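Single-structure report; data block below.
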Amino acid sequence: MERYDPAAVEARWQEVWQRERVFETANPSPGDDTSRLVYVLEMLPYPSGELHMGHVKNYTMGDVVTLFRRRHGDRVMHPMGYDAFGLNAENVAIKTGRHPADLTRENIAAIRGQMQRMGWSIDWTRELSTAEPDYYHWTQWIFLRLLEAGLAYRQSASVKWCPVDQTVLANEQVIDGRCERCGSEVEARTLEQWFFKITDYADRLLDDLAHVRWPERVVTMQRNWIGRSNGARVMFRVDGDDIELPVFTTRPDTLFGATFFVMAPEHHLATALARGTEHEAAVAEYVAQTAARSEVERAGAREKTGVFTGRHVINPVNDERIPLWVADYVLMEYGTGAIMAVPAHDERDFEAAQAFGLQVRQVIAPRNGEVDESAPFVAHTDDEVLVNSGQFTGMPAHEGSAAIVAWLDERGLGEATVAYRLRDWLLSRQRYWGCPIPVVHCDGCGIVPVPDDQLPVELPHVDDYAPKGRSPLAAAEDWVNVSCPACGGPGRRETDTMDTFVDSSWYYMRYADPRNARAPFDRAAVDAWLPVDQYIGGVEHAILHLMYARFFTKALYDLGYVGFTEPFANLFTQGMIHFKGAKMSKSKGNVITPDPMVAQYGADTVRLYTLFMGPADQDAEWFDGGVAGRYRFLARLWRLVLDSVAESGPGIPPHPGPAGGDPALLRKAHWATDKVTRDIGERFAFNTAQSAIQELVNQVHDSPQADPDTRRFALATAVSLIHPYAPHIACELWSRMGGERLWEAPWPVADPDLLITDTTTYAVQVNGRLRGEVAVDSGTAQESVLAAAREHPNVRAHIDGKQVVKEIVVPDRLVNLVVR
RNA sequence: GCCCGGGUGGCGGAGUGGUAGACGCGGCCGACUUAAAAUCGGCUUCCCCGAAAGGGGAGCGCGAGUUCGAGUCUCGCCCCGGGCACCA
């Protein structure tokens with residue numbers, strides 16, 4: 001018999017699909033029904049190397065969803081591109097002595113080849129690369145729109161600097177005080193940098209999470225990252241000076257318990273206020289010491305340190321004079337950089353009070369009961385009341401908060417406010433391989449946007465692009481020196497480039513209209529396809545990419561360019577494939593590419609295996625011993641179909657299949673159809689759907705005596721169900737059975753009547769322990785089932801001589817007899 | 001410290017409160033073969049009784065609880081992975 005030859009089968013069908021443009025999905029024409037438009041998208045790859053098994057899993061999953069939905073009659077757009085700019089590619093280029101542009105183009109060609117070999121149904125007419133001028137033209141255009149809207153700005157600020165990558169980083173790219181890319185400790189530097197005003201969108205980014213169907217943990221991570229806290233801004237006044245020092249607090253109810261006041265060492269008044277006191281030198285030294293410590297050191301040291309400034313501040317609620325300290329447990333970046341310290345009700349303040357030898361005053365107490373004064377009492381529910389709090393004494397905590405804020409507000413001493421953990425997005429980078437920021441600096445005019453008709457500002461080719469602490473673009477004098485677009489005088493181009501995350505914050509919109517040379521996209525096209533119906537990617541992007549993309553969508557919505565406010569309606573985060581206990585990466589040398597395995601077993605087998613390893617959302621350790629099993633499965637299906645065709649000829653019996661044949665096999669086909677449809681469509685349970693198809697195939701294998709028509713029906717069903725996973729062999733076998741264009745064949749529908757069996761096997765338990773099984777006709781009355789159960793010899797042995805006190809019958813499942 | 005996941009055979013993993021271990025990997029035994037590969041058949045959680053058929057017991061990280069019945073629900077722990085972390 002002809003053996004299963006995946007290479008030949010796969011080449012043949014890929015050629016057919018390409019010739020017939022099966023993967024291409026045109027944009028709707030005006031008047032088209034748009035209700036069946038579906039957009040399935042996987043996160044685009046960085047072309048810094050080849051694809052590995054993690055990519056294969058990701059894109060196969062998207063492909064299964066795509067093929068599955070197409071067979072349900074949806075018109076699915078399934079595009080692909082490359083996130084081509086960025087440090088990833090640039091660092092590889094530096095290491096290998098190649099130019100990033102050349103390297104990137106080569107990697108893209110290699111990846112495209114790998115993708116085509118996998119047979120993923122990608123619409124190649126929509127392919128894009130973020131590093132090509134016809135794409136980043138529009139990245140720049142969007143930047144300019146955000147600039148006009150006041151959502152992009154340049155400001156001097158304390159920023160995180162990576163000494164190895166020689167560039168600033170966004171907050172989101174700093175993990176535990178280290179560069180997320182290279183792991184080196186970041187340094188604080190004050191630099192003039194470009195920011196996006198993502199904080200303007202903090203509330204909407206938070207509130208709109210209620211409208212997306214995303215994994216709960218991703219929603220939680222975003223919620224925590226935005227970190228909205230409701231509280232109050234309260235004005236303290238420096239004693240003996242006309243200086244106001246606002247603080248942010250979430251606990252206005254504890255205001256009477258403030259026994260000292262603390263400023264961050266970076267606070268602009270910290271040194272100034274100590275000036276002239278006997279503490280001046282000590283404060284200056286402490287501030288200098290703190291500045292010299294790295295983020296990592298500072299975050300690691302939990303013991304409280306600080307110095308008294310010699311000054312005092314006045315608490316607005318009781319005019320009490322409390323000491324003003326400087327301590328590094330107060331962060332300049334959050335709130336106002338200064339706090340009121342309430343040691344009785346805050347753990348950090350309590351530790352500080354102990355370290356500094358300061359007073360602790362309890363102002364919140366449980367309604368009934370005492371508090372252990374050796375630890376801070378932080379409970380904050382309606383069971384606590386204010387004590388030692390003047391006119392507010394006796395109020396429940398929440399009511400007290402509101403009353404104190406109202407009291408402050410009336411006197412202009414405070415107001416209710418909200419604080420966020422989220423900071424503005426620092427988008428400029430001092431590196432070569434990124435999208436140029438399209439502005440010109442002019443001594444006379446300041447920052448001047450490059451006019452739209454002069455876009456794109458192309459990235460110049462420079463030979464020395466190694467990082468050196470300022471953008472390598474600064475060395476390209478011919479490129480840098482331009483005339484000011486506003487006044488015509490001498491100007492200098494901005495030499496920083498954009499963070500790669502800017503490029504990937506809108507690519508999913510460009511796919512809708514990828515060749516548009518007049519605009520980033522046509523609004524009608526984008527509104528027809530978006531939001532993305534199913535987005536699939538790694539959980540490592542839970543904060544960065546997904547937050548930035550949401551921000552871009554909302555900003556573009558506000559500016560009238562798109563008609564939706566969330567980019568990704570449904571999100572599935574797939575687990576990572578690890579190898580040797582770590583995430584696959586070129587630098588760790590633990591990358592498994594699909595190529596050798598595809599050469600040995602074919603793409604269909606590899607596609608099956610990446611989704612068979614375990615639940616798709618869980619991490620998995622790569623183990624290539626299991627691949628052969630998937631190949632054996634396909635080879636068995638191959639043999640069964642070819643045998644069937646050889647013995648009984650081609651032919652695919654119509655649904656619901658032949659009557660009067662082998663009812664068990666027919667039932668199995670319908671059972672598998674039902675299971676696969678629900679597992680893929682509702683649960684993303686790609687592993688168990690596959691198991692169900694295998695059970696069906698095994699049953700065909702085990703039923704050689706079944707009538708030929710039922711076997712053909714069962715085999716056709718298996719072929720049809722495996723198609724989203726293994727489209728090449730499915731199309732081949734389908735055509736050998738006499739079918740055509742499987743990719744357009746309607747998805748099979750399980751007939752509920754055929755899921756029911758003639759006889760039902762009941763498990764019989766005595767006192768919850770399994771003692772036997774009885775088979776009865778389906779639909780047998782409970783009394784008869786019970787009678788049959790009591791007749792079972794082994795059951796009888798366990799109930800004889802005892803009293804049955806309770807009988808439980810679970811229809812179609814089991815009987816439990818409770819005896820005493 | 002706080003917030004999420006997860007803990008089931010030798011391994012990956014199935015298991016709407018109802019027969020735990022589907023499906024696969026690996027292993028063992030056998031058939032076919034000069035042989036191997038491929039394929040096909042059987043066995044494969046552990047312990048005990050039995051020649052066998054079969055029967056009994058234990059078992060899903062640990063300990064309680066709810067229930068006729070718990071891998072699944074509740075409470076308290078332990079371990080692994082991830083996220084956040086001096087955010088006032």
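What you see is a predicted model, and the numbers here were worked out from it, not measured in a lab. In what follows, chains carry the letters A, B, and so on, assigned in the order in which the sequence lines appear, proteins first and then strands, with residues in each chain numbered from 1.
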**Message:** Any non-hydrogen side-chain atom of I339(A) less than 4.5 Å from a side-chain atom of D349(A)?
**Reply:** yes
**Item:** G9(B), syn or anti by chi within 90 degrees of zero
**Value:** syn
May I have the list of side-chain donor-acceptor pairs in residues 613-623 of chain A shorter than 3.5 Å, sequence neighbours left out?
unit_1, atom_1, unit_2, atom_2, d
D619(A), OD1, M576(A), N, 2.7
E621(A), OE1, G581(A), N, 3.3
E621(A), OE2, K580(A), N, 2.9
E621(A), OE2, G581(A), N, 3.4

Identify all pairs in which a protein N or O lies below 3.5 Å from an N or O of nucleotides 53-57 of chain B, and state each distance.
unit_1, atom_1, unit_2, atom_2, d
G56(B), OP1, R771(A), NH1, 3.0
G56(B), OP1, N794(A), ND2, 3.3
G56(B), OP1, H798(A), NE2, 3.3
G57(B), OP1, R771(A), NH2, 3.3
G57(B), OP2, R771(A), NH1, 2.8

**Request:** Look at all strands and tell whether R217(A) reaches a base, only sugar-phosphate, or nothing, counting heavy atoms closer than 4.0 Å.
**Result:** sugar-phosphate
**Asked** Taking RNA chain B as the partner, which of residues 668-688 of chain A come within under 4.0 angstrom of it by heavy atom?
**Response** R683(A), N687(A), T688(A)
**Item:** Over-ring placement of R813(A) relative to Y762(A), 6.0 Å and 45° cut-offs
**Value:** no
**Message:** For D346(A), give me all partners under side-chain hydrogen bond (donor to acceptor under 3.5 Å, both in side chains), at least two apart in sequence or on another chain.
**Reply:** R348(A)
**Request:** Would you kindly compare T220(A) and R630(A) by the position of their nearest RNA chain B nucleotide and give the one closer to the 5′ end?
**Result:** T220(A)
**Prompt:** Which part of the nucleic acid does V810(A) contact within heavy-atom distance under 4.0 Å: base, sugar-phosphate only, or nothing?
**Reply:** base
Check nucleotides 38-44 of chain B against the protein and report each pair of N or O atoms closer than 3.5 Å, with its distance, or say if there are none.
unit_1, atom_1, unit_2, atom_2, d
U39(B), O3', R639(A), NH2, 3.3
C40(B), OP1, R636(A), NE, 3.3
C40(B), OP1, R636(A), NH2, 2.9
C40(B), OP1, R639(A), NH2, 3.4
G41(B), OP1, H701(A), NE2, 3.1

**Prompt:** D203(A): what forms a side-chain hydrogen bond (donor to acceptor under 3.5 Å, both in side chains) with it, not counting sequence neighbours?
**Reply:** R228(A), Y420(A)
**Message:** Can you tell me whether the side chain of N224(A) and the base of C84(B) have a donor-acceptor pair closer than 3.5 Å?
**Reply:** no
**Request:** Let me know the distance between CD of Q690(A) and P of G24(B), rounded to the nearest Å.
**Result:** 11 Å
**Prompt:** Whole Å only: how far is the CE atom of M332(A) from the P atom of A88(B)?
**Reply:** 16 Å
**Intermediate values then yes/no, side-chain hydrogen bond (donor to acceptor under 3.5 Å, both in side chains), R711(A) and Q705(A)** = CA-CA 9 Å; R711(A) 282 173 64 85; Q705(A) 77 296 343; over 6 Å; no
